[in-house]
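Computed from heavy atoms alone, side chains included, the values below leave out hydrogens, waters and symmetry copies.
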Amino acid sequence: MTNDLPAEVAALDLRPAAQCRYDAVSLGEVMLRLDPGEGRIRTARSFRAWEGGGEYNVTRGLRRAFGLRGAIVTALADNEIGRLVEDFILTGGLDTEFVNWVPYDGIGRTVRNGLNFTERGFGVRGAVGVSDRGLTAASQLGAEDVDWDKLFGEYGVRWLHTGGIFAALSETAADTVIAAVKKAKEYGTVVSYDLNYRPSLWKAIGGQAKAQEVNKEIAPYIDVMIGNEEDFTASLGFEIEGADIHGGEALETDAFAGMIHRAAEAYPNFKVIATTMRGVKSATVNDWAAIAWSPATGVVESVKRDNLEIMDRVGGGDSFASGLIFGLLDGQTLETAVNYGAAHGALAMTTPGDTTMVTKAEVLKLAGGGSARVDR
(Lines give C-alpha, C1' and ligand atoms only; values in the text may rest on other atoms or scores of the structure.)
Protein backbone atom coordinates (compact mmCIF):
# COMPACT_ATOMS: atom_id res chain seq x y z
CA MET A 1 0.00 0.00 0.00
CA THR A 2 1.22 3.51 -0.80
CA ASN A 3 0.45 4.50 2.81
CA ASP A 4 3.40 2.35 3.89
CA LEU A 5 5.79 3.99 1.44
CA PRO A 6 7.95 7.08 1.99
CA ALA A 7 6.08 10.17 0.81
CA GLU A 8 8.54 10.77 -2.02
CA VAL A 9 7.91 7.26 -3.39
CA ALA A 10 4.16 7.38 -2.84
CA ALA A 11 4.07 10.59 -4.92
CA LEU A 12 5.37 8.63 -7.93
CA ASP A 13 2.22 6.45 -7.80
CA LEU A 14 4.01 3.42 -9.24
CA ARG A 15 1.94 0.77 -10.96
CA PRO A 16 1.87 -2.54 -9.05
CA ALA A 17 4.48 -4.99 -10.33
CA ALA A 18 1.85 -7.72 -10.69
CA GLN A 19 0.00 -5.63 -13.27
CA CYS A 20 3.05 -5.09 -15.49
CA ARG A 21 5.22 -7.31 -17.66
CA TYR A 22 8.17 -4.93 -17.29
CA ASP A 23 9.59 -3.08 -14.31
CA ALA A 24 11.57 -0.79 -16.61
CA VAL A 25 11.90 -0.02 -20.31
CA SER A 26 14.44 2.21 -22.03
CA LEU A 27 13.94 4.13 -25.26
CA GLY A 28 17.24 4.89 -26.98
CA GLU A 29 19.99 3.87 -29.35
CA VAL A 30 22.25 0.90 -28.64
CA MET A 31 25.65 1.21 -30.31
CA LEU A 32 28.59 -1.11 -30.71
CA ARG A 33 31.37 0.26 -28.50
CA LEU A 34 34.89 -0.40 -29.72
CA ASP A 35 37.42 -0.08 -26.89
CA PRO A 36 41.21 0.08 -27.44
CA GLY A 37 41.83 -0.90 -23.82
CA GLU A 38 44.74 0.98 -22.30
CA GLY A 39 45.79 2.43 -25.66
CA ARG A 40 44.64 5.12 -28.03
CA ILE A 41 42.05 4.92 -30.80
CA ARG A 42 44.49 6.48 -33.25
CA THR A 43 47.15 3.79 -32.73
CA ALA A 44 45.00 0.75 -31.95
CA ARG A 45 45.44 -2.53 -33.81
CA SER A 46 42.67 -4.32 -31.95
CA PHE A 47 39.49 -3.33 -30.14
CA ARG A 48 37.34 -5.04 -27.54
CA ALA A 49 33.65 -4.93 -28.42
CA TRP A 50 30.88 -3.98 -26.01
CA GLU A 51 27.41 -2.54 -26.39
CA GLY A 52 26.24 0.71 -24.87
CA GLY A 53 23.82 3.59 -25.01
CA GLY A 54 22.95 6.33 -22.54
CA GLU A 55 19.35 5.23 -22.15
CA TYR A 56 19.86 1.49 -22.66
CA ASN A 57 22.58 1.24 -20.00
CA VAL A 58 20.08 2.21 -17.29
CA THR A 59 17.55 -0.57 -17.86
CA ARG A 60 20.33 -3.07 -18.53
CA GLY A 61 21.73 -2.15 -15.11
CA LEU A 62 18.32 -2.65 -13.52
CA ARG A 63 18.18 -6.11 -15.07
CA ARG A 64 21.75 -7.32 -14.50
CA ALA A 65 22.62 -5.70 -11.18
CA PHE A 66 19.21 -5.63 -9.53
CA GLY A 67 17.28 -8.47 -11.17
CA LEU A 68 14.34 -6.45 -12.48
CA ARG A 69 12.40 -7.18 -15.68
CA GLY A 70 13.31 -4.96 -18.60
CA ALA A 71 13.04 -4.26 -22.31
CA ILE A 72 14.59 -1.90 -24.85
CA VAL A 73 12.77 0.14 -27.50
CA THR A 74 15.20 0.86 -30.33
CA ALA A 75 15.94 0.13 -33.99
CA LEU A 76 18.78 -1.74 -35.65
CA ALA A 77 19.79 -2.28 -39.27
CA ASP A 78 19.38 -5.97 -40.02
CA ASN A 79 22.95 -7.04 -40.76
CA GLU A 80 25.71 -8.85 -38.93
CA ILE A 81 26.61 -5.81 -36.80
CA GLY A 82 22.98 -5.37 -35.80
CA ARG A 83 22.76 -9.03 -34.86
CA LEU A 84 25.94 -8.68 -32.80
CA VAL A 85 24.37 -5.79 -30.90
CA GLU A 86 21.24 -7.91 -30.44
CA ASP A 87 23.39 -10.68 -28.98
CA PHE A 88 24.84 -8.23 -26.47
CA ILE A 89 21.33 -7.03 -25.57
CA LEU A 90 20.17 -10.60 -25.03
CA THR A 91 23.22 -11.27 -22.86
CA GLY A 92 22.18 -8.21 -20.85
CA GLY A 93 18.83 -9.85 -20.23
CA LEU A 94 16.52 -7.35 -21.93
CA ASP A 95 13.48 -8.29 -24.00
CA THR A 96 14.05 -7.44 -27.68
CA GLU A 97 10.41 -7.62 -28.82
CA PHE A 98 10.37 -3.85 -29.33
CA VAL A 99 13.53 -3.71 -31.45
CA ASN A 100 12.53 -2.42 -34.88
CA TRP A 101 14.59 -4.26 -37.52
CA VAL A 102 15.24 -2.18 -40.65
CA PRO A 103 16.32 -3.83 -43.93
CA TYR A 104 19.97 -3.10 -44.74
CA ASP A 105 20.80 -1.62 -48.14
CA GLY A 106 24.17 -3.36 -48.40
CA ILE A 107 26.52 -0.42 -47.81
CA GLY A 108 24.82 1.83 -45.27
CA ARG A 109 23.77 4.52 -47.71
CA THR A 110 20.33 4.92 -46.10
CA VAL A 111 20.54 3.04 -42.80
CA ARG A 112 23.25 1.62 -40.58
CA ASN A 113 24.14 0.75 -36.99
CA GLY A 114 25.94 3.12 -34.67
CA LEU A 115 29.57 2.71 -33.63
CA ASN A 116 31.16 4.35 -30.62
CA PHE A 117 34.95 4.36 -30.32
CA THR A 118 35.86 5.20 -26.73
CA GLU A 119 39.21 5.35 -24.97
CA ARG A 120 39.19 5.43 -21.18
CA GLY A 121 41.94 7.94 -20.53
CA PHE A 122 44.51 7.76 -17.77
CA GLY A 123 45.94 10.37 -15.42
CA VAL A 124 46.27 13.69 -17.23
CA ARG A 125 44.91 12.17 -20.48
CA GLY A 126 41.13 12.40 -20.39
CA ALA A 127 38.67 9.94 -21.83
CA VAL A 128 37.84 10.40 -25.53
CA GLY A 129 34.72 9.32 -27.38
CA VAL A 130 34.30 9.31 -31.16
CA SER A 131 30.79 8.42 -32.29
CA ASP A 132 30.01 7.21 -35.81
CA ARG A 133 26.24 7.22 -35.78
CA GLY A 134 24.89 9.20 -38.72
CA LEU A 135 21.83 7.72 -40.52
CA THR A 136 21.48 4.98 -37.93
CA ALA A 137 18.32 2.92 -37.70
CA ALA A 138 17.65 4.25 -34.19
CA SER A 139 17.96 7.88 -35.29
CA GLN A 140 15.21 7.19 -37.86
CA LEU A 141 12.87 5.39 -35.44
CA GLY A 142 9.49 7.04 -35.76
CA ALA A 143 6.67 7.13 -33.23
CA GLU A 144 4.55 5.09 -35.66
CA ASP A 145 7.15 2.29 -35.64
CA VAL A 146 6.34 1.29 -32.04
CA ASP A 147 3.09 -0.18 -30.71
CA TRP A 148 2.94 2.02 -27.61
CA ASP A 149 -0.52 0.79 -26.60
CA LYS A 150 0.71 -2.80 -26.60
CA LEU A 151 3.82 -1.86 -24.61
CA PHE A 152 2.28 0.41 -21.97
CA GLY A 153 -1.31 -0.84 -22.05
CA GLU A 154 -1.51 -4.55 -22.88
CA TYR A 155 1.88 -5.48 -21.37
CA GLY A 156 2.31 -2.75 -18.73
CA VAL A 157 5.44 -0.88 -17.73
CA ARG A 158 6.19 0.49 -14.28
CA TRP A 159 9.00 2.84 -15.36
CA LEU A 160 10.13 4.33 -18.70
CA HIS A 161 13.61 5.79 -19.03
CA THR A 162 14.82 7.88 -21.95
CA GLY A 163 17.03 10.90 -22.43
CA GLY A 164 18.65 13.74 -24.25
CA ILE A 165 21.15 11.66 -26.20
CA PHE A 166 18.42 9.84 -28.09
CA ALA A 167 16.34 13.02 -28.44
CA ALA A 168 19.31 14.75 -30.12
CA LEU A 169 19.82 12.17 -32.86
CA SER A 170 17.22 13.64 -35.22
CA GLU A 171 13.93 15.51 -35.34
CA THR A 172 12.32 12.10 -35.75
CA ALA A 173 13.94 10.92 -32.52
CA ALA A 174 12.74 13.96 -30.60
CA ASP A 175 9.18 13.41 -31.85
CA THR A 176 9.42 9.73 -30.87
CA VAL A 177 10.47 10.67 -27.33
CA ILE A 178 7.52 13.03 -27.02
CA ALA A 179 5.09 10.37 -28.29
CA ALA A 180 6.56 7.81 -25.88
CA VAL A 181 6.40 9.96 -22.77
CA LYS A 182 2.85 11.09 -23.54
CA LYS A 183 1.68 7.52 -24.01
CA ALA A 184 3.53 6.38 -20.88
CA LYS A 185 1.75 9.03 -18.82
CA GLU A 186 -1.60 7.96 -20.32
CA TYR A 187 -1.09 4.47 -18.86
CA GLY A 188 0.30 5.58 -15.49
CA THR A 189 3.95 4.72 -16.17
CA VAL A 190 6.55 6.75 -14.26
CA VAL A 191 8.92 8.52 -16.66
CA SER A 192 12.55 9.42 -16.00
CA TYR A 193 14.76 11.43 -18.34
CA ASP A 194 18.49 12.02 -18.28
CA LEU A 195 19.29 15.34 -19.93
CA ASN A 196 22.76 14.02 -20.92
CA TYR A 197 23.78 17.10 -22.92
CA ARG A 198 26.38 16.32 -25.58
CA PRO A 199 27.49 19.39 -27.59
CA SER A 200 28.66 17.19 -30.49
CA LEU A 201 25.17 15.79 -31.00
CA TRP A 202 23.44 19.16 -31.15
CA LYS A 203 26.15 21.09 -33.02
CA ALA A 204 24.88 20.42 -36.55
CA ILE A 205 21.14 20.77 -35.80
CA GLY A 206 20.93 24.09 -33.99
CA GLY A 207 23.26 23.79 -31.02
CA GLN A 208 22.28 24.73 -27.49
CA ALA A 209 19.22 26.71 -28.61
CA LYS A 210 17.79 23.62 -30.30
CA ALA A 211 18.63 21.49 -27.27
CA GLN A 212 16.64 23.82 -25.06
CA GLU A 213 13.71 23.95 -27.48
CA VAL A 214 13.46 20.14 -27.57
CA ASN A 215 14.06 19.49 -23.88
CA LYS A 216 11.64 22.19 -22.76
CA GLU A 217 8.94 20.46 -24.79
CA ILE A 218 9.72 17.10 -23.18
CA ALA A 219 10.19 18.31 -19.57
CA PRO A 220 6.48 18.75 -18.68
CA TYR A 221 5.97 14.98 -19.01
CA ILE A 222 8.87 13.92 -16.78
CA ASP A 223 8.50 12.64 -13.21
CA VAL A 224 12.19 12.06 -12.41
CA MET A 225 14.66 14.45 -14.05
CA ILE A 226 18.34 13.50 -13.99
CA GLY A 227 21.27 15.61 -15.09
CA ASN A 228 24.47 17.23 -13.99
CA GLU A 229 25.10 20.96 -13.72
CA GLU A 230 25.99 21.43 -17.40
CA ASP A 231 22.95 19.41 -18.47
CA PHE A 232 20.51 21.66 -16.62
CA THR A 233 22.26 24.79 -17.84
CA ALA A 234 22.62 23.80 -21.51
CA SER A 235 19.42 21.79 -21.93
CA LEU A 236 16.90 23.73 -19.83
CA GLY A 237 18.55 27.13 -19.42
CA PHE A 238 18.94 27.12 -15.63
CA GLU A 239 22.08 28.95 -14.58
CA ILE A 240 24.04 28.01 -11.45
CA GLU A 241 25.11 31.16 -9.68
CA GLY A 242 28.73 31.29 -8.59
CA ALA A 243 29.73 27.96 -10.15
CA ASP A 244 32.10 27.24 -13.01
CA ILE A 245 30.56 24.24 -14.73
CA HIS A 246 33.54 23.77 -17.04
CA GLY A 247 36.33 24.14 -14.51
CA GLY A 248 36.57 20.49 -13.46
CA GLU A 249 36.49 21.41 -9.77
CA ALA A 250 33.97 19.94 -7.37
CA LEU A 251 30.69 21.80 -7.64
CA GLU A 252 29.30 23.65 -4.66
CA THR A 253 26.33 21.62 -3.45
CA ASP A 254 24.49 24.71 -2.23
CA ALA A 255 24.76 26.40 -5.63
CA PHE A 256 23.39 23.37 -7.43
CA ALA A 257 20.64 22.90 -4.84
CA GLY A 258 19.50 26.44 -5.55
CA MET A 259 19.20 25.63 -9.24
CA ILE A 260 17.21 22.48 -8.44
CA HIS A 261 14.67 24.59 -6.58
CA ARG A 262 14.32 26.92 -9.59
CA ALA A 263 13.82 23.90 -11.88
CA ALA A 264 11.16 22.49 -9.54
CA GLU A 265 9.29 25.80 -9.57
CA ALA A 266 9.38 25.92 -13.38
CA TYR A 267 8.27 22.29 -13.71
CA PRO A 268 5.98 21.35 -10.83
CA ASN A 269 5.55 17.89 -12.42
CA PHE A 270 9.11 16.97 -11.34
CA LYS A 271 8.66 14.61 -8.40
CA VAL A 272 12.39 13.85 -8.08
CA ILE A 273 15.43 15.70 -9.42
CA ALA A 274 18.82 14.04 -9.14
CA THR A 275 22.40 14.53 -10.24
CA THR A 276 25.88 13.18 -9.78
CA MET A 277 28.56 15.51 -8.39
CA ARG A 278 31.93 14.84 -9.96
CA GLY A 279 35.17 16.68 -9.22
CA VAL A 280 37.70 15.67 -11.86
CA LYS A 281 41.24 15.54 -10.47
CA SER A 282 42.48 13.29 -13.25
CA ALA A 283 41.01 10.73 -15.64
CA THR A 284 41.59 8.07 -13.00
CA VAL A 285 40.87 9.98 -9.78
CA ASN A 286 37.59 11.81 -9.21
CA ASP A 287 35.67 13.04 -6.23
CA TRP A 288 32.22 11.44 -6.54
CA ALA A 289 28.86 12.01 -4.88
CA ALA A 290 25.23 12.60 -5.75
CA ILE A 291 22.31 14.68 -4.58
CA ALA A 292 18.57 14.41 -5.10
CA TRP A 293 15.48 16.45 -4.33
CA SER A 294 11.78 15.81 -3.84
CA PRO A 295 9.06 18.08 -2.46
CA ALA A 296 8.73 15.81 0.59
CA THR A 297 12.43 15.64 1.47
CA GLY A 298 14.09 18.70 0.03
CA VAL A 299 17.70 18.10 -0.97
CA VAL A 300 19.37 14.89 0.22
CA GLU A 301 23.00 13.94 -0.36
CA SER A 302 24.84 10.67 -0.80
CA VAL A 303 28.06 9.76 0.91
CA LYS A 304 30.89 11.69 -0.76
CA ARG A 305 33.78 9.57 -2.01
CA ASP A 306 36.89 11.69 -2.35
CA ASN A 307 39.71 10.47 -4.59
CA LEU A 308 37.65 7.65 -6.08
CA GLU A 309 39.84 5.52 -8.33
CA ILE A 310 38.34 4.93 -11.77
CA MET A 311 39.08 2.43 -14.51
CA ASP A 312 36.46 3.57 -17.05
CA ARG A 313 34.21 6.51 -16.30
CA VAL A 314 31.87 5.99 -19.27
CA GLY A 315 28.49 4.78 -18.05
CA GLY A 316 29.03 5.87 -14.44
CA GLY A 317 26.16 8.32 -14.63
CA ASP A 318 23.89 5.71 -16.20
CA SER A 319 24.70 3.30 -13.38
CA PHE A 320 23.89 6.07 -10.90
CA ALA A 321 20.49 6.41 -12.57
CA SER A 322 19.78 2.67 -12.41
CA GLY A 323 20.72 2.49 -8.73
CA LEU A 324 18.52 5.49 -7.94
CA ILE A 325 15.60 4.03 -9.91
CA PHE A 326 16.00 0.64 -8.24
CA GLY A 327 15.82 2.27 -4.82
CA LEU A 328 12.62 4.11 -5.71
CA LEU A 329 11.03 1.03 -7.31
CA ASP A 330 12.00 -0.89 -4.17
CA GLY A 331 10.15 1.59 -1.97
CA GLN A 332 13.24 3.01 -0.26
CA THR A 333 13.58 6.60 0.93
CA LEU A 334 15.11 9.09 -1.49
CA GLU A 335 18.23 9.31 0.67
CA THR A 336 18.69 5.54 0.47
CA ALA A 337 17.97 5.55 -3.27
CA VAL A 338 20.53 8.27 -4.00
CA ASN A 339 23.11 6.30 -2.01
CA TYR A 340 22.28 3.18 -4.03
CA GLY A 341 22.83 5.23 -7.17
CA ALA A 342 26.11 6.76 -6.04
CA ALA A 343 27.42 3.36 -4.91
CA HIS A 344 26.40 1.65 -8.15
CA GLY A 345 28.02 4.39 -10.25
CA ALA A 346 31.22 4.22 -8.22
CA LEU A 347 31.44 0.44 -8.59
CA ALA A 348 30.56 0.44 -12.30
CA MET A 349 33.47 2.79 -13.00
CA THR A 350 35.91 0.19 -11.62
CA THR A 351 35.32 -2.09 -14.62
CA PRO A 352 35.67 -1.54 -18.39
CA GLY A 353 32.76 -0.94 -20.74
CA ASP A 354 29.60 1.15 -20.60
CA THR A 355 27.53 -1.42 -18.77
CA THR A 356 27.54 -2.63 -15.20
CA MET A 357 29.32 -5.76 -13.98
CA VAL A 358 28.13 -5.15 -10.42
CA THR A 359 25.86 -7.23 -8.19
CA LYS A 360 23.06 -5.97 -6.01
CA ALA A 361 24.89 -7.33 -2.95
CA GLU A 362 27.96 -5.25 -3.83
CA VAL A 363 25.86 -2.11 -4.20
CA LEU A 364 24.08 -2.63 -0.89
CA LYS A 365 27.38 -3.38 0.84
CA LEU A 366 29.08 -0.21 -0.42
CA ALA A 367 25.99 1.95 0.15
CA GLY A 368 25.91 0.61 3.70
CA GLY A 369 29.50 1.63 4.38
CA GLY A 370 31.34 -1.48 3.24
CA SER A 371 34.98 -1.49 2.19
CA ALA A 372 37.10 -3.10 -0.53
CA ARG A 373 38.45 -5.81 1.78
CA VAL A 374 38.70 -9.24 0.20
CA ASP A 375 35.52 -11.31 0.40
CA ARG A 376 36.39 -14.96 1.02
Side-chain angles (χ1 to χ4, degrees), residues 11-12 25-29 53-55 58 73 138-143 146 148 152 159-186 189-241 243 245-246 251 255-276 291-295 299 317-318 320-321 324-325:
L12 293 171
V25 169
S26 281
L27 166 64
E29 183 166 53
E55 297 82 16
V58 175
V73 178
S139 72
Q140 299 177 61
L141 181 69
V146 182
W148 303 111
F152 294 115
W159 195 294
L160 171 70
H161 180 77
T162 188
I165 291 179
F166 180 67
L169 295 184
S170 66
E171 297 226 0
T172 302
D175 291 342
T176 302
V177 169
I178 292 166
V181 298
K182 285 182 176 178
K183 189 61 72 169
K185 298 311 297 177
E186 183 181 319
T189 297
V190 171
V191 180
S192 61
Y193 188 87
D194 192 333
L195 289 164
N196 248 335
Y197 179 72
R198 299 288 186 271
S200 59
L201 292 177
W202 294 99
K203 181 168 60 175
I205 58 172
Q208 196 173 108
K210 183 64 175 179
Q212 292 188 15
E213 176 189 332
V214 168
N215 285 296
K216 285 179 178 179
E217 186 174 357
I218 294 167
Y221 301 97
I222 306 305
D223 299 297
V224 178
M225 183 63 85
I226 300 168
N228 66 25
E229 62 277 11
E230 184 181 10
D231 296 333
F232 274 93
T233 300
S235 298
L236 290 176
F238 294 105
E239 296 296 332
I240 305 174
E241 297 175 9
I245 65 170
H246 302 292
L251 187 72
F256 192 74
M259 190 213 63
I260 283 180
H261 288 300
R262 292 195 296 278
E265 289 174 2
Y267 298 99
N269 52 289
F270 291 170
K271 299 179 178 69
V272 172
I273 302 172
T275 185
T276 56
I291 64 173
W293 169 94
S294 76
V299 173
D318 302 330
F320 162 74
L324 173 80
I325 292 167

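With salt bridges taken as basic N to acidic carboxylate O contacts below 4.0 Å, one links Glu186 and Lys183.
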Below 3.5 Å, can you tabulate the donor-acceptor pairs from side chains in residues 217-224 to any protein atom, sequence neighbours excluded?
{"residue": "Asp223", "atom": "OD1", "partner": "Lys185", "partner atom": "NZ", "Å": "2.9"}
{"residue": "Asp223", "atom": "OD1", "partner": "Lys271", "partner atom": "NZ", "Å": "2.9"}
{"residue": "Asp223", "atom": "OD2", "partner": "Lys185", "partner atom": "NZ", "Å": "2.6"}
{"residue": "Asp223", "atom": "OD2", "partner": "Val191", "partner atom": "N", "Å": "2.9"}

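Within the 4.5 Å cutoff, side-chain heavy atoms of Leu236 are placed close to those of Leu195. Between Ile291 and Thr275, some side-chain heavy-atom pair lies under the 4.5 Å cut-off. Taking the side chain as every heavy atom from C-beta outward, Ile165 and Arg198 approach each other to under 4.5 Å. Residues Val25 and Thr189 are not in side-chain contact: their nearest non-hydrogen atoms beyond the backbone lie 4.5 Å or more apart. The closest side-chain heavy-atom distance from Met225 to Tyr267 is not below 4.5 Å.
With sequence neighbours left out, the side-chain contact (heavy atoms from CB on, under 4.5 Å) criterion links Gln208 to Tyr197, Gln212, Ala234. Applying the side-chain hydrogen bond (donor to acceptor under 3.5 Å, both in side chains) test to Ser139 and every residue at least two apart in sequence or in another chain returns Thr136. Take Ser192 and apply the side-chain hydrogen bond (donor to acceptor under 3.5 Å, both in side chains) test, not counting sequence neighbours, and it matches Trp159, His161. In this structure Ala264 satisfies the side-chain contact (heavy atoms from CB on, under 4.5 Å) test together with Ile273, Trp293, sequence neighbours excluded. Shown here are the side-chain contact (heavy atoms from CB on, under 4.5 Å) partners of Ala266, two or more places apart in sequence or in another chain: Phe238. Residues forming a side-chain hydrogen bond (donor to acceptor under 3.5 Å, both in side chains) with Asp231 (at least two apart in sequence, or on another chain): none.
Scanning both residues, Ala257 and Val299, for their nearest heavy atoms gives CB-CG2, 3.8 Å. Nearest heavy atoms, Gly227 versus Phe232: O-CE1, 3.3 Å. Here the shortest heavy-atom pairing between Ser170 and Ala173 reads OG-N, 2.9 Å. Of all the heavy atoms in Ala167 and Val214, the pair that sits closest is CB-CG1, 4.2 Å. Heavy-atom minimum distance, Gly53 versus Asp318: O-OD2, 4.3 Å.
To the nearest 0.5 angstrom, Leu160 atom CG is 10.0 Å from Glu55 atom CD. Rounding to the nearest 0.5 Å gives a distance of 11.0 Å between CD of Gln140 and OG1 of Thr176. Within the model, atoms CG of Leu141 and CZ of Phe166 stand 5.0 Å from one another, a figure rounded to the nearest 0.5 Å.
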**Asked** Do Val58 and Ile325 pass the side-chain contact (heavy atoms from CB on, under 4.5 Å) test, and can you show the C-alpha distance, the side-chain angles, and the key distance before you say yes or no?
**Response** CA-CA 9 Å; Val58 175; Ile325 292 167; 3.7 Å; yes
**Check against side-chain contact (heavy atoms from CB on, under 4.5 Å), Tyr193 and Asn215** = CA-CA 10 Å; Tyr193 188 87; Asn215 285 296; 2.6 Å; yes
**Request:** Take Leu27 and Val181, measure what side-chain contact (heavy atoms from CB on, under 4.5 Å) needs, and give me the verdict at the end.
**Result:** CA-CA 10 Å; Leu27 166 64; Val181 298; over 6 Å; no
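Checked by atom type and distance alone, the side chain of Thr162 never pairs as donor or acceptor with a backbone atom of Val177 at under 3.5 Å. Side-chain atoms of Trp148 come within 3.5 Å of backbone atoms of Ala143 as a donor-acceptor pair (strictly under, hydrogens ignored).
For the salt bridge (charged side-chain N to carboxylate O under 4.0 Å, His left out) condition, the pairs that include at least one residue of residues 206-215, sequence neighbours left out, are Glu171-Lys210, Lys210-Glu213.
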